[in-house]
Amino acid sequence: MILKSLRKTGKALGFGVILYRLYHLPKGFLDKCFRKGPINMMIDDRARIKMEAAAYKLEPVQEYTTGKPLEIHFLTGKKFWYQTCFCAYSMVQQAKVNIRPVVYDDGTLEQKYIWEIKRIFPDTKVVSIKEIEERLDKFLPVSKFPYLRERRANYPNMRKLIDIHIASSGWKLVLDSDMLFFHHPTFLLNWLESPQEFCYMIDVENSYGYSQALMTSLAQAEIPQRLNVGICGLKSDDIDWEQLESWCKQMIEKEGTHYYQEQAITAILMAGKPCAFAPEKEYIVMPQREEVINPQGVLHHYVADSKSWYFRYGWKHILHNK
């Protein structure tokens, strides 16, 4: 009853962030403490600090002479800039082609981090928060898209979809920062060379937060199973923003907000359309400790409890692959 009351109050006031800060954030932290224990959390945090420090020592990427650069898109900021660097750096190591990161400021990307990203990747393109907000006000005004704009303001994951694709065109491959490459990414390189259909990676389970019945009703098509947006290839100019606004509105009104809403909307967007998905055994979501210590997969996406292995072991392989 208390949770229901908080939801109603937050919705009535237009402050979705209230529920997050008063309930989900402290609950998530306490759950994590009980699950992992304070000592493990301390070890992970020290390992994370070492990873960030190591990013400052990454050498500028090698420039390859053949072919135009392939663009990969990231949403990043002060909490994730070094993870973005390690992800892109490891991809260059394994792909051995020119790659241009296109970095979108999540609102916290200070100049000192931009300098570091550009030091490592001189060809980087940075899209500032000012430029993003100007696009939003012009092409996604609050008066016409209140639900998408509220979600974007109070649910940062939605920015991976909105900020990167709004007022843009062409195919884009968006990668989460908390991923690392360990072998040649043939699937992704083939897609980047000639994108023809949506692409994504396979999750360990369906993580949408909304009922299959609601999602199928909105999509009017079969929902892709176990879609994970750590890898997400979309064509910007094919996105119908008015339709996304309608979906977002109906999802919230019928089943509330959810942490996985951006992933759910992407699944609805891809439903019934031709899709390519990364081979599950090569592009691994939530790798186990043994796999992180001795990587056999092409790519790891470090979600949930695998974050510990990411900070303790994963990124160190990249330093040894010079």
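Quick caveat: nothing in here was measured; it's all calculated off a predicted structure.
For the pair W309 and P287, the minimum side-chain heavy-atom distance is 4.5 Å or more. Residues C199 and F187 form a side-chain contact, since some pair of their non-hydrogen atoms from C-beta on lies under 4.5 Å apart. Proximity of C248 to Q261: side-chain heavy atoms (C-beta onward) are separated by under 4.5 Å at one or more points. You'll find the side chain of L299 stays beyond 4.5 Å of the side chain of P185, heavy atoms only. Considering only heavy atoms from C-beta on, L180 comes within 4.5 Å of Y302 through its side chain. Residues W241 and I162 meet the side-chain proximity criterion, which asks for heavy atoms closer than 4.5 Å. Counting heavy atoms from C-beta outward, L227 and Y208 have side chains that approach closer than 4.5 Å. For the pair I72/L192, a side-chain contact is recorded, criterion being any heavy-atom separation below 4.5 Å from C-beta on.
The heavy-atom pair separating F86 from A54 by the smallest distance is CZ-CB, 4.1 Å. Shown here for W315 and A47, the closest heavy-atom pair between the two residues is NE1-O, 4.0 Å. Here the shortest heavy-atom pairing between Q296 and E291 reads N-OE2, 2.8 Å. When all heavy atoms are compared, the tightest approach of H317 to V292 is NE2-O, 2.8 Å. The shortest non-hydrogen separation linking P69 to R100 is CG-NH2, 3.5 Å. Here the closest non-hydrogen pair linking E197 and W191 is O-NE1, 2.8 Å.
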TODO: Decide yes or no on side-chain contact (heavy atoms from CB on, under 4.5 Å) for I132 and R152, but give the supporting numbers first.
DONE: CA-CA 12 Å; I132 292 168; R152 181 196 173 274; 4.0 Å; yes

Task: Worked verdict on Y310 versus H300 for ring pair (Phe, Tyr, Trp, His ring centres under 6.0 Å) - done: CA-CA 9 Å; Y310 173 50; H300 293 167; 9.7 Å; no

Task: CA sep, side-chain torsions, deciding dist, call: F121, W81, ring pair (Phe, Tyr, Trp, His ring centres under 6.0 Å) - done: CA-CA 12 Å; F121 308 95; W81 73 272; over 10 Å; no

Task: From CA spacing to verdict: side-chain contact (heavy atoms from CB on, under 4.5 Å), I114, L109 - done: CA-CA 7 Å; I114 294 174; L109 190 62; 3.8 Å; yes

- [ ] Kindly indicate, with the supporting measurements, whether the criterion salt bridge (Lys or Arg N to Asp or Glu O under 4.0 Å) is fulfilled by D44 and K307.
- [x] CA-CA 8 Å; D44 289 349; K307 278 280 197 293; over 6 Å; no

Open item on the list: For M270 and L234: C-alpha separation, side-chain torsions, deciding distance, then whether side-chain contact (heavy atoms from CB on, under 4.5 Å) applies.
Closed with: CA-CA 9 Å; M270 292 189 182; L234 293 171; 3.7 Å; yes

Task: CA sep, side-chain torsions, deciding dist, call: I231, L175, side-chain contact (heavy atoms from CB on, under 4.5 Å) - done: CA-CA 5 Å; I231 292 172; L175 300 182; 3.9 Å; yes

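F80 and V174 are members of different hydrophobic clusters when ILVMFWY side chains are connected at heavy-atom separations under 4.5 Å.
Heavy atoms of other residues, nucleotides or ligands lying less than 6.0 angstrom from CD of E63 number 12 at most. Atom NZ of K78 sits in a sparse spot, with 12 or fewer heavy atoms from other residues, nucleotides or ligands closer than 6.0 Å. Within a 6.0 Å sphere centred on OH of Y113, other residues, nucleotides and ligands contribute more than 12 heavy atoms. In this structure, Y313 places its OH atom where more than 12 heavy-atom neighbours from other residues, nucleotides or ligands lie under 6.0 Å away. In this structure, Q288 places its CD atom where only 12 or fewer heavy-atom neighbours from other residues, nucleotides or ligands lie under 6.0 Å away.
Between Q263 and Y200, the side chains place no donor N or O within less than 3.5 Å of an acceptor N or O (distance only, hydrogens not considered). Judged by distance alone, the side chains of D105 and S128 never bring a donor and an acceptor atom under 3.5 Å apart.
Ring pair H73/Y104: centre-to-centre distance below 6.0 Å.
In summary, K125 and E71 do not engage in a salt bridge, as defined by a charged side-chain N under 4.0 Å from a carboxylate O. The pair D106-R159 does not meet the salt-bridge criterion, since no charged nitrogen lies less than 4.0 angstrom from a carboxylate oxygen. Remark: E52 engages R48 in a salt bridge, criterion side-chain N to carboxylate O under 4.0 Å.
The backbone N or O of R312 sits less than 3.5 Å from a side-chain atom of K316, completing a donor-acceptor pair. Panel note: side chain N206, backbone R226; a donor-acceptor pair is recorded below 3.5 Å. Judged purely by atom type and a 3.5 angstrom limit, H165 has no side-chain atom pairing as donor or acceptor with the backbone of K160. Distance alone, capped at 3.5 Å, places no donor-acceptor pair between the H301 side chain and the V229 backbone. Between the Y82 side chain and the I49 main chain, no donor and acceptor come within less than 3.5 Å of each other. A donor-acceptor pair under 3.5 Å is formed between the side chain of K172 and the backbone N or O of S169. The closest donor-acceptor contact from the side chain of S306 to the backbone of V303 lies under 3.5 Å. Proximity of a side-chain donor or acceptor of N98 to a complementary backbone N or O of K68 within less than 3.5 Å is not detected. Using a distance-only test at 3.5 Å, with no hydrogens or angles considered, a donor-acceptor pair links the side chain of D237 to the main chain of G170. No donor-acceptor pair closer than 3.5 Å links the side chain of Y283 to the backbone N or O of F277.
For the atom pair Q243 CD and E245 CD, the distance stands at 12.0 Å (nearest 0.5 Å). If you take CG on N154 and CZ on R151, they are separated by 6.0 Å, rounding to the nearest 0.5 Å. A distance of 8.5 Å separates CD1 in I164 from CG in L161, rounded to the nearest 0.5 Å. Atom CD1 of residue I202 and atom CD1 of residue I284 lie 13.0 Å apart, to the nearest 0.5 angstrom. A distance of 7.0 Å separates OG1 in T124 from CD1 in I117, rounded to the nearest 0.5 Å. Between Q93 atom CD and I318 atom CD1 the span is 5.5 Å, to the nearest 0.5 Å.
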N/O donor to acceptor pairs below 3.5 angstrom from side-chain atoms of residues 210-223, sequence neighbours left out:
{"residue": "Y210", "atom": "OH", "partner": "G256", "partner atom": "O", "Å": "2.7"}
{"residue": "Y210", "atom": "OH", "partner": "H258", "partner atom": "N", "Å": "3.3"}
{"residue": "S211", "atom": "OG", "partner": "L214", "partner atom": "N", "Å": "3.1"}
{"residue": "S211", "atom": "OG", "partner": "E255", "partner atom": "OE2", "Å": "2.6"}
{"residue": "T216", "atom": "OG1", "partner": "Q212", "partner atom": "O", "Å": "2.8"}
{"residue": "Q220", "atom": "NE2", "partner": "S217", "partner atom": "O", "Å": "2.7"}

Anything under 3.5 Å between a donor and an acceptor, one on a side chain of residues 134-144, the other on a protein residue two or more places apart or in another chain? List them.
{"residue": "R135", "atom": "NH2", "partner": "E131", "partner atom": "OE2", "Å": "2.8"}
{"residue": "D137", "atom": "OD1", "partner": "R149", "partner atom": "NH2", "Å": "3.4"}
{"residue": "K144", "atom": "NZ", "partner": "E242", "partner atom": "OE2", "Å": "2.9"}

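Scanning for salt bridge (Lys or Arg N to Asp or Glu O under 4.0 Å) contacts around E116 gives R119, with sequence neighbours left out.
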